[in-house]
Protein chains: 2
Amino acid sequence: MIKLNNKTYTCPVDVTLSFIGGKWKILILSHLNIFNDRGFSEIRDNLPGISEKMLVQQLKELERDQLIEKKVLSLKPYRVQYNITPTGKSLSPLFEFLSEYGINYLKEHGIDYMKDQQLYK
Amino acid sequence: MIKLNNKTYTCPVDVTLSFIGGKWKILILSHLNIFNDRGFSEIRDNLPGISEKMLVQQLKELERDQLIEKKVLSLKPYRVQYNITPTGKSLSPLFEFLSEYGINYLKEHGIDYMKDQQLYK
DNA sequence: CGCCGGGCTTACTTTTTGGTAAGTTATTGC
DNA sequence: GCAATAACTTACCAAAAAGTAAGCCCGGCG
């Protein structure tokens, strides 16, 4: 067992998954891996089905873990921009693999995913 | 949204994670990626903290998804052996990456994981 | 004979995760 | 002046994942 920040992990894999686990983080990171300077609603609108509550939550955790960063553009009308960090980018082989594997699996089951997938691939 | 076997997925990544998500599957697969012909309790004893209920459940799902296979050696005293399948093995770059990333992260935070890690690395 | 180990099953509870929906502040556009 | 948009916050609720603990069948061992 590994102890880190008051949490316990069974192994290093567990540690990595603590950053990117959950239903949306990998999708958010994949999106920010392709697009720069994204606003909150731009991200939201490209994640079919996510609730704002979830998005806020995941963005906060990703920021805390330094995989993404948030720039506040203005306060009076509150406007922000999100970008992936180098640390976040270093995970991109993972996203690639997970996505390729999924696409391949779908193909073998008669589902072609390539169309309309410029986003969160 | 992708529909497959009465379930919906947001993207291919989601599909892949449906096979290997959860707290224990990757650890089980990593273990079987290294060791052949493992009995139930051999696996259990190398997964610190897993309950038998969880192990049974995860093994069943991994078998159903054809990432591992189970040989029944004898019925009267019930004895079995688990092995990873080629499909399961094809995921090993993923385990490697997740593990390396975790180990590296731990190193940067002053925790050295290498010792006593012939198992579930 | 009684206990131990292997490979489970079952019932019950807790924790974690995710979803719904409404409300907030402030600006732009008609 | 009213609606829409951006970027959230809050409260409440349901479902899914995981944990706890006990029990079962069978054979080997002392």
Side-chain angles (χ1 to χ4, degrees), chain A residues 1 5-11 13-14 17-28 31-32 35 37-65 68-83, chain B residues 1 5-11 13-14 17-28 31-32 35 37-65 68-83:
Chain A
M1 296 287 186
N5 311 325
N6 300 332
K7 290 209 156 201
T8 56
Y9 304 92
T10 47
C11 70
V13 168
D14 231 14
L17 290 178
S18 74
F19 300 131
I20 53 161
K23 199 170 171 181
W24 302 104
K25 283 188 184 170
I26 293 176
L27 278 70
I28 294 170
H31 182 79
L32 291 177
F35 299 99
D37 295 333
R38 302 303 270 177
F40 181 84
S41 22
E42 286 178 301
I43 301 173
R44 181 197 59 205
D45 295 345
N46 280 299
L47 261 37
I50 198 173
S51 70
E52 299 199 328
K53 172 195 150 194
M54 264 299 119
L55 183 52
V56 170
Q57 206 173 283
Q58 306 289 288
L59 286 171
K60 272 185 185 161
E61 291 177 15
L62 288 169
E63 202 194 346
R64 179 202 61 199
D65 296 335
I68 67 171
E69 57 189 10
K70 172 166 139 181
K71 264 183 293 186
V72 177
L73 298 183
S74 73
L75 281 171
K76 301 95 81 57
Y78 191 59
R79 289 305 119 90
V80 300
Q81 271 180 356
Y82 290 95
N83 280 286
Chain B
M1 296 287 187
N5 312 325
N6 302 330
K7 290 209 156 198
T8 55
Y9 304 92
T10 47
C11 71
V13 169
D14 231 14
L17 290 178
S18 74
F19 301 130
I20 52 160
K23 200 170 170 180
W24 302 104
K25 283 187 184 171
I26 292 177
L27 278 69
I28 294 169
H31 182 78
L32 291 176
F35 298 100
D37 295 333
R38 303 303 270 177
F40 182 85
S41 22
E42 286 179 300
I43 301 173
R44 181 198 58 205
D45 294 346
N46 279 299
L47 261 37
I50 198 174
S51 71
E52 300 199 327
K53 173 197 150 194
M54 264 298 118
L55 183 53
V56 170
Q57 205 172 285
Q58 306 291 287
L59 287 171
K60 273 184 185 163
E61 291 178 15
L62 288 169
E63 203 193 345
R64 181 201 62 198
D65 295 336
I68 66 170
E69 58 188 9
K70 170 166 138 181
K71 263 183 290 185
V72 177
L73 298 182
S74 73
L75 281 172
K76 301 96 81 54
Y78 191 61
R79 290 303 119 90
V80 300
Q81 270 179 358
Y82 290 95
N83 279 286

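By convention in this document, chain letters (A, B, ...) are assigned in the order of the sequence lines, proteins followed by strands, and residues within each chain are numbered from 1.
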Undergrad: Whole angstroms only, please: what is the CG-P distance between A:Leu17 and C:dT16?
TA: 17 Å

Undergrad: List the residues meeting side chain to side chain contact (heavy atoms under 4.5 Å, CB included) with A:Val80, not counting sequence neighbours, and say none if there are none.
TA: A:Lys70, A:Val72, A:Tyr78, A:Tyr82

Undergrad: Work out which heavy atom in B:Glu69 is nearest to a heavy atom in B:Glu63; give both atom names and the distance.
TA: CA-CG, 4.4 Å

Undergrad: Heavy-atom distance under 4.5 Å between the side chains of B:Leu17 and B:Tyr9, does that happen here?
TA: no

Undergrad: Are B:Ile43 and B:Leu59 close enough that some pair of their side-chain heavy atoms sits under 4.5 Å apart?
TA: yes

Undergrad: If you look at every heavy atom in B:Phe19 and B:Lys25, which pair is closest and at what distance?
TA: O-CD, 3.1 Å

Undergrad: Does B:Asn83 reach the main-chain N or O of B:Asp37 with its side chain, forming a donor-acceptor pair under 3.5 Å?
TA: yes

Undergrad: Please compare A:Pro77 and A:Gln57 by the position of their nearest nucleotide in DNA chain C and report the one closer to 5'.
TA: A:Gln57

Undergrad: I'd like to compare against my own output: the B/S/- annotation of nucleotides 5-10 of chain C with a strict under-4.0 Å heavy-atom distance to protein.
TA: -BSBBB

Undergrad: Does any non-hydrogen side-chain atom of A:Asp14 lie less than 4.5 Å from one of A:Thr8?
TA: no

Undergrad: Heavy atoms of chain A, cut-off under 4.0 Å: which first and last nucleotide of DNA chain D, 5' to 3', fall inside that, if you could look?
TA: D:dA6 to D:dA11

Undergrad: Under a 4.5 Å cut-off applied to non-hydrogen side-chain atoms, are B:Ile50 and B:Lys23 in contact?
TA: no

